[in-house]
K.L.:
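Shown below is the structure under consideration.
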Amino acid sequence: MQIATWNINSLSVRLPQVLAWLAANPVDAIGLQELKLVDEKFPHDAFQAAGYHAVCFGQKTYNGVAIISRTPAHDVVRNIPGHEDEQARVIAATLDTAEGPLRLINCYFVNGQEPGSDKFAYKLKWLAALHDWLRQELAAHPRLALVGDFNVAPEDRDSYDPVGLKGTIHHTAEERQHFQDLLALGLTDAFRLFEQPEKSYSWWDYRQLGFQKNRGLRIDHILVSQALCAGVTACLIDRAPRKNPQPSDHAPVVVTLG
DNA sequence: ATGGTGGGCCCCCCA
């Protein structure tokens, strides 16, 4: 089976591209981020017509996440339990598969703007809350995948300019430590299980020909629990949709499990 | 340090 993640930067604008991508890449489930619409405007009919179920957690103007899946999702959780948050950033659900239940946690991690800012402080708090909750989720759900736009470039090789951007947002020691803390819970970065092209990125700034110059960051990730890890046979970033007219600034990431 | 581009929305906020 295949699971994907994609920050689509407005579902209203990108719905045709998402449907086209799913038609060409009939994954079993995909986590979407940055819907930028309220639940009342979520296009359930379009996904149903494409053969998918959807659960969503929307918000006006900003954020918003959804899980699109071939089989109905159940035990849906929205945001981090016990962590007060006005922003819709997390949706988790269980999918029934041939190999047993799979817990899919789809997150739009905080951007954080700039180290030292209020938004950066919010990012670090949010990351700590996610970590604490994930420990419980992993204990309850051995087969677990954490997917989404992490807004962290974990290592220097995940950035087009690790020296020039050292210490800036997505590149700080604090953010990278939080990423390592997630791995320490027993999660594995599926992308790095395999040999990958050099300069593999999942996000490119719209400005100054970022994509054409491959000035990007790898900030969209799929982390798998130990129970899933042994069955992972591939993990790829699909750059093709970034070449579309009116693209999202992010590319989808896809993992193949057993 | 600024501003480059894009989305949402009501002209400035967020990425």
Side-chain angles (χ1 to χ4, degrees), chain A residues 5-21 30-43 46 56-66 79 85-91 106-127 130 147-154 158-172 174-176 178-179 201-221 237-253:
Chain A
T5 176
W6 195 6
N7 179 324
I8 40 87
N9 185 19
S10 169
L11 185 56
S12 303
V13 171
R14 231 68 66 191
L15 178 62
Q17 290 185 49
V18 174
L19 294 173
W21 189 84
I30 183 167
L32 302 177
Q33 305 92 37
E34 282 209 89
L35 307 181
K36 295 187 172 179
L37 48 71
V38 293
D39 288 343
E40 291 69 31
K41 295 190 175 174
F42 189 90
C56 62
F57 183 31
Q59 179 185 330
K60 185 180 160 74
T61 308
Y62 303 118
N63 309 309
V65 285
N79 268 354
D85 201 339
E86 311 241 310
Q87 306 187 13
R89 296 186 171 278
V90 179
I91 189 163
N106 174 37
C107 300
Y108 175 46
F109 285 52
V110 179
N111 176 290
Q113 192 178 48
E114 174 177 27
S117 66
D118 289 348
K119 287 174 189 166
F120 191 73
Y122 165 57
K123 181 174 196 171
L124 296 183
K125 273 187 195 166
W126 187 94
L127 285 163
L130 178 72
V147 309
D149 173 1
F150 283 54
N151 272 314
V152 178
D158 299 313
S159 171
Y160 72 96
D161 186 9
V163 175
L165 295 173
K166 186 179 167 68
T168 66
I169 200 65
H170 304 119
H171 300 71
T172 67
E174 295 104 311
E175 293 165 279
R176 287 178 167 177
H178 276 288
F179 188 87
Y201 309 126
S202 66
W203 170 87
W204 302 260
D205 201 305
Y206 285 121
R207 294 166 285 191
Q208 296 171 317
L209 303 173
F211 182 65
Q212 289 87 332
K213 297 177 178 173
N214 197 28
R215 295 190 181 189
L217 305 176
R218 192 177 71 93
I219 55 177
D220 300 272
H221 306 298
I237 297 171
D238 182 4
R239 295 163 55 97
R242 188 62 176 78
K243 301 171 186 168
N244 290 344
Q246 272 195 297
S248 167
D249 44 353
H250 295 254
V253 185

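A note on names: the letters A, B, ... follow the listed sequences, proteins ahead of strands, and every chain is numbered from 1. Nothing here was measured: the structure is a model prediction, and the numbers come from that model.
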K.L.:
Between atom CD in Gln208(A) and atom P in dT5(B), what is the gap in whole Å?
P.N.:
8 Å
K.L.:
So, using salt bridge (Lys or Arg N to Asp or Glu O under 4.0 Å) as the criterion, who are the partners of Asp205(A) when residues are at least two apart?
P.N.:
Arg207(A)
K.L.:
Does any donor atom in the side chain of Lys123(A) or Asn111(A) lie under 3.5 Å from an acceptor atom in the other side chain?
P.N.:
no
K.L.:
So which of Thr168(A), Ile169(A), Val163(A) actually passes side chain to side chain contact (heavy atoms under 4.5 Å, CB included) with Leu165(A)?
P.N.:
Thr168(A)
K.L.:
Between dC11(B) and dA1(B), how far is it from one P atom to the other, in whole Å?
P.N.:
29 Å
K.L.:
Rounded to whole Å, please give me the gap between CG in Leu35(A) and P in dC9(B).
P.N.:
13 Å
K.L.:
When you compare dC14(B) with dC10(B), how far apart are their P atoms, in angstrom units rounded to a whole number?
P.N.:
14 Å
K.L.:
Can you tell me if NZ on Lys213(A) sees more than 12 non-hydrogen neighbours from other groups inside 6.0 Å?
P.N.:
yes
K.L.:
In chain order, what residues pass the side chain to side chain donor-acceptor pair (under 3.5 Å) check against Asp161(A), with sequence neighbours excluded?
P.N.:
none
K.L.:
Work out how far the P atom of dC9(B) is from that of dC13(B), and round it to whole angstrom.
P.N.:
15 Å
K.L.:
Give me the distances for all protein-to-nucleotides 13-15 of chain B N/O pairs that come in under 3.5 Å?
P.N.:
{"unit_1": "dC13(B)", "atom_1": "O2", "unit_2": "Tyr62(A)", "atom_2": "OH", "d": "3.4"}
{"unit_1": "dC14(B)", "atom_1": "OP2", "unit_2": "Lys119(A)", "atom_2": "NZ", "d": "3.1"}
{"unit_1": "dA15(B)", "atom_1": "O3'", "unit_2": "Asn111(A)", "atom_2": "ND2", "d": "3.3"}

K.L.:
How far, in whole Å, is dG6(B) from dT2(B) if one measures between their P atoms?
P.N.:
23 Å
K.L.:
Please give, in whole Å, the distance from dG4(B) P to Leu209(A) CG?
P.N.:
14 Å
K.L.:
Are there over 12 heavy-atom neighbours, none belonging to Arg239(A), within less than 6.0 Å of that residue's CZ?
P.N.:
yes
K.L.:
Return the value, rounded to whole Å, for the distance between atom CH2 of Trp204(A) and atom P of dG6(B).
P.N.:
16 Å
